[in-house]
Colleague: 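Just passing along the structure, written as structure tokens.
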Amino acid sequence: MRSGRTVLSSIISSQAKLHDEYGGVVPELASRQHVDTILPVIDKALDSAGVALADVDGIAVTYGPGLAGALLVGLSAAKALALASQRPLVGINHLEAHIYAAFLEPLPPVAFPAVCLVVSGGHTDLMYMSGHGRLSLEGETRDDAAGEVFDKLARAMHLGYPGGPLIDKLAQEGDARAFAFPRAYLEPGSFDFSFSGLKTAVLMEWAKCKEDHACLPDLCASFQAAVVEVLVDKSLALAHKRGVEQIVLGGGVAANSRLRQQLRTRAQSEGMALHIPAQVYCTDNAAMVAAAGSYSLERGQRHSLSLNAKANLSLGGGNSASPGEA
Ligand code: KG4
Ligand code: ZN
């Protein structure tokens, strides 16, 4: 990464095939696979960027939230690189990194303040961002994360893993109005989310029609429409409430075609500037972590080699290392 905006190389070693057979991520297998792939991936990244470790100004690494075993592998590798190259280490909150995917070229720069929606396999977070590293959580899911519901439904429907792209594809052939699934808006003024009721409603319809797979596209389309409607409505509502004109979308579910399209339509008609990363930078990748790292290093943030993985790292605990912390 150069200057927080230019990706010099982005190598992704996907584990989707490994976990497909189980319908979800198996933590032990995930960390073992990380151990096998991390050094070849780092070599390949440096090679294809045409830079040597000695040319690097700093090493950024995700230290949470996420699966502790997998985080530890990345963290250990990053510490070793930092130690060997005598370069600063900076730990990055994974969710904050998802936001920084929207800072990458060729997207226009994000101005502050912004409302950020991060939707991933483990989180559904609506945030207010007043500047680099300055985030406050305004709403989150009270039960399942948006991506988690895609994955759980795909598993119940025997579609495979990860469920998001599979449901997205099937939905394109279905009628989004075929099933009237519930939208959980919760108390008036709340920016929290809830998707477990929707999940149950979809599973009940699936139980009725599963002998006949012809219902799948309509089921997927109607489910997806229900998720997207609430995500889009609450994001716009928060932007209006806070008087914000910039909206950032991030996280694996930001790859969803309906979410991208609906948010674009609404943002345009309500005069908001919208920043949506290319699909390849929505799902987990190193470029977004490096981008967040560039801005953190610029602010003088550093972490010591005793930095530990934090499976439940919250926002604010993210890149909040004080300048020069050791
Ligand atoms: O950010 P991410 O790659 O990993 C986590 O940090 O969790 O997000 C993965 C999630 C999975 O739940 C996956 O099903 C979902 O993103 N996802 C999608 C799409 N592509 C990936 N969900 C809906 N539509 C998609 N096209
Ligand atoms: Zn992620």
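Note that ligands are numbered from 1 as they come in the structure, with each ligand's atoms numbered from 1 the same way.
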Colleague: Between ligand 1 and Lys169, can you find any atom pair, the residue atom being a heavy atom, that is separated by under 4.0 Å?
Modeller: no

Colleague: Against heavy atoms of His94, which atoms of ligand 1 measure under 4.0 Å?
Modeller: 6 (O)

Colleague: Near Gly163, which atoms of ligand 1 are under 4.0 Å from a heavy atom of that residue?
Modeller: 14 (O)

Colleague: State whether the shortest distance between N or O atoms of Thr283 and N or O atoms of ligand 1 falls below 3.5 angstrom.
Modeller: no

Colleague: Which atoms of ligand 1 have any heavy atom of Gly121 under 4.0 Å away?
Modeller: 5 (C), 7 (O), 8 (O), 9 (C), 10 (C), 12 (O)

Colleague: With the side chain counted from C-beta on, respond yes when Thr124 and Phe195 share a heavy-atom pair under 4.5 Å apart, and no when they do not.
Modeller: yes

Colleague: Return the name of the atom in Asp284, of element N, O or S, nearest to the Zn ion (ligand 2).
Modeller: OD1

Colleague: Of all the N, O or S atoms in His94, which one sits nearest to the Zn ion (ligand 2)?
Modeller: NE2

Colleague: Considering both backbone and side-chain atoms of Gly164, is one of its nitrogen or oxygen atoms within less than 3.5 Å of a nitrogen or oxygen in ligand 1?
Modeller: yes

Colleague: Just verifying a value: how many Å separate Leu231 CG and Leu259 CG, rounded to the nearest 0.5 Å?
Modeller: 6.0 Å

Colleague: Scan side-chain atoms only and decide if His240 and Glu270 contain a donor-acceptor pair under the 3.5 Å cut-off.
Modeller: yes

Colleague: If we set the cut-off at 4.0 Å for heavy atoms, which region of Asp284 has an atom near ligand 1: side chain, backbone, both, or neither?
Modeller: both

Colleague: Of all residues at least two apart in sequence or in a different chain, which pass the side-chain contact (heavy atoms from CB on, under 4.5 Å) check with Ala237?
Modeller: Phe191

Colleague: Less than 4.5 Å apart, side chain to side chain, heavy atoms only: is that true for Asp143 and Phe193?
Modeller: no

Colleague: Looking at ligand 1, does any of its N/O atoms fall within less than 3.5 Å of an N/O of Ser257?
Modeller: no

Colleague: Taking 2.8 Å as the cut-off, does an N/O/S atom of His98 lie below it from the Zn ion (ligand 2)?
Modeller: yes

Colleague: Mind checking whether Gln279 has a heavy atom under 4.0 Å from ligand 1?
Modeller: no

Colleague: Mind checking whether His275 and Phe103 have ring centres under 6.0 Å apart?
Modeller: no

Colleague: Less than 3.5 Å apart, any donor N or O on the side chain of Glu140 or His123 sitting next to an acceptor on the other?
Modeller: no

Colleague: Look only at the side chain of Arg5 and the backbone of Leu107, and say whether a donor-acceptor pair between them is shorter than 3.5 Å.
Modeller: yes

Colleague: Where does Asp151 meet ligand 1, judged by heavy-atom distances below 4.0 Å: at the side chain, the backbone, both, or neither?
Modeller: side chain

Colleague: Hey, does Met1 have a side-chain heavy atom less than 4.5 Å from the side chain of Leu8?
Modeller: no

Colleague: Looking only at distances, can you tell me whether any N or O atom of Pro162, backbone or side chain, sits closer than 3.5 Å to an N or O atom of ligand 1?
Modeller: no

